[in-house]
Amino acid sequence: EESGRHAELSQILQKKAEIVDDPLEKKRAYHRSAELEETVLGRLDEAIAVQHKALDVDGEDLDTLDALIRLYLAGSKWRELLEMYARKVDLVPSADDKKRIYYQIGAVYERELRSVERAIDTYRKVLEIDPDDITALGRLDVLYTVAESWQELLTVLVHEAELSTSPDDAIAFQFRVGEVYEKRLSDVAHALEIYREILLRDATHAPTLGALETDRKSTRLNSSHRT
């Protein structure tokens, strides 16, 4: 009986929204109805439908978009969620807000839809806003490795090395650059250049010393085979 009264009230609010002329009053009525549908009646699909009516009144209302984002997240409706994020990112004024939304879009593509290509495109949009964004560079580091996009990965690794505030971290990124040249691009000469640069900065860097020793052994082995 109680739920019946709430359902009736929700319908009344929607009727009110259809009748009143003031857009603000329309949105308020739809929002109150959607809140009843979501939090009292537990009808997420109905809440989504009502919020879309509010969005039809004002397609740039951030409160309505945030409500739909929350509802689509709750229902794991990823495609619809991405559509709301795309609308919101065009509306928010600050670069930081835009970046945060792109992080969320990238996470959906990466974790939920398993679309490496779309995730890469999204994090690159962050770099268009802020070329030094560490979070986006970190995700691209992972995604380019998964995609085996070695040239693109090199660009990211070099940038990460340049941005590192810790000398040890910078060397670690530089060493990975050398590894990509050696193991993925078969460019041993370029890899050796990188390794030598590292040893000029840290003559005791164990991974680099190990890589050079492996290269020397390989060279000796190849020479013995030729003879």
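Note that these values count all heavy atoms, side chains included, but never hydrogens, waters or copies made by symmetry.
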Report task. Would you check, one step at a time, whether the test side-chain hydrogen bond (donor to acceptor under 3.5 Å, both in side chains) holds for Y123 with E110? Result -> CA-CA 10 Å; Y123 292 121; E110 192 175 350; 3.1 Å; yes
Query raised in the report: In Å and rounded to the nearest 0.5 Å, what is the CG to CE distance from L73 to M84?
Result: 12.0 Å
Report task. Could you check Y181 against L154 for side chain to side chain contact (heavy atoms under 4.5 Å, CB included), going step by step and ending with a plain yes or no? Result -> CA-CA 9 Å; Y181 277 118; L154 283 174; 3.6 Å; yes
Query - Nearest-0.5 Å distance, OG of residue S3 to CZ of residue R43 - result: 8.5 Å
Query raised in the report: So does E25 pair up with R28, basic N to acidic O under 4.0 Å?
Result: yes
Query raised in the report: Are L192 and I171 co-members of a hydrophobic cluster defined by side-chain heavy atoms under 4.5 Å apart?
Result: yes
Query raised in the report: Do other residues, nucleotides or ligands put more than 12 heavy atoms under 6.0 Å from E46 CD?
Result: yes
Query raised in the report: Could you give the distance from OG (S149) to CD (E117), rounded to the nearest 0.5 Å?
Result: 9.5 Å
**Report entry** Side chains of L82 and Y109 in contact at under 4.5 Å (non-hydrogen atoms)
**Finding:** yes
Report summary line: Residues Y103 and A136: closest non-hydrogen pair is CE2-N, 4.5 Å
**Report entry** Carboxylate-amine/guanidinium proximity below 4.0 Å for E18 and K26
**Finding:** no
Query - Nearest non-hydrogen partners of L137 and V156, listed with the distance - result: O-CG1, 3.4 Å
**Report entry** hydrophobic_cluster_shared for L55 and L36, side chain cutoff 4.5 Å
**Finding:** no
**Report entry** Distance in Å, K88 NZ paired with L68 CG, rounded so as to fall on 0.5 Å steps
**Finding:** 11.5 Å
Query raised in the report: Is it the case that T204 and D202 place a side-chain donor and acceptor less than 3.5 Å from each other?
Result: yes
Query raised in the report: Would a 4.5 Å heavy-atom cut-off, applied to side chains only, mark Y102 and I129 as touching?
Result: yes
Query raised in the report: Can you tell if the side chain of D141 reaches within under 4.5 Å of the side chain of R176, non-hydrogen atoms only?
Result: yes
Report task. Quick one: closest heavy-atom pair of V92 and L62, and the distance? Result -> CG1-CD2, 4.4 Å
**Report entry** Test item: E38 and R70 side chains (from C-beta on) under 4.5 Å apart, heavy atoms
**Finding:** yes
Query raised in the report: Hey, does L13 have a side-chain heavy atom less than 4.5 Å from the side chain of L9?
Result: yes
Requested in this report: Measure across Q174 and I194 and return the closest heavy-atom pair with its distance rounded to 0.1 Å.
Outcome: O-CG2, 3.3 Å
Query raised in the report: Do you know which two heavy atoms are closest between G106 and A119, and how far apart they sit?
Result: O-CB, 4.0 Å
Requested in this report: For the pair R100 and D97, find out whether any cationic side-chain nitrogen is under 4.0 Å from an anionic carboxylate oxygen.
Outcome: yes
Query raised in the report: Any side-chain heavy-atom pair from L140 and H159 closer than 4.5 angstrom?
Result: no
Requested in this report: Answer yes if L143 and V177 sit in the same cluster of Ile, Leu, Val, Met, Phe, Trp and Tyr residues linked by side chain heavy atoms under 4.5 Å apart, and no otherwise.
Outcome: yes
Report task. Evaluate the side-chain proximity of F173 to L163: yes if any heavy-atom separation is below 4.5 Å, no if none is. Result -> no
Query - K77 vs D45, side chain to side chain contact (heavy atoms under 4.5 Å, CB included): CA-CA, chis, key distance, verdict - result: CA-CA 11 Å; K77 297 179 183 289; D45 287 342; 3.8 Å; yes
Query - Whether K99 side chain and V126 backbone form a donor-acceptor pair below 3.5 Å - result: no
Query - Connected via hydrophobic side-chain network under 4.5 Å: I69 and V57 - result: no
Requested in this report: Would you give the length of the straight line joining atom CG of L153 to atom CG of L185, rounded to the nearest 0.5 angstrom?
Outcome: 9.5 Å
Query raised in the report: Y72, L113: one ILVMFWY side-chain cluster at the under-4.5 Å cut-off?
Result: yes
**Report entry** Nearest-0.5 Å distance, CZ of residue R87 to CG of residue D61
**Finding:** 10.5 Å
Requested in this report: For the pair S164 (side chain) and S166 (backbone), establish whether a donor and an acceptor sit closer than 3.5 Å, ignoring hydrogens and angles.
Outcome: no
Query raised in the report: Backbone N or O of A29 within a donor-acceptor pair of the S33 side chain at under 3.5 Å?
Result: no
Query raised in the report: Are F175 and Y195 close enough that their ring centers fall under 6.0 Å?
Result: yes
**Report entry** E112, CD: over 12 other non-hydrogen atoms inside 6.0 angstrom
**Finding:** yes
Query - side-chain hydrogen bond (donor to acceptor under 3.5 Å, both in side chains) partner of T64, chosen from H31, K53, K27 - result: H31
Report task. Of all the heavy-atom pairs spanning E37 and S10, show the shortest one and how long it is. Result -> OE2-OG, 2.7 Å
Report task. Measure the shortest side-chain to side-chain distance between L209 and L199 over non-hydrogen atoms and say whether it is less than 4.5 angstrom. Result -> yes
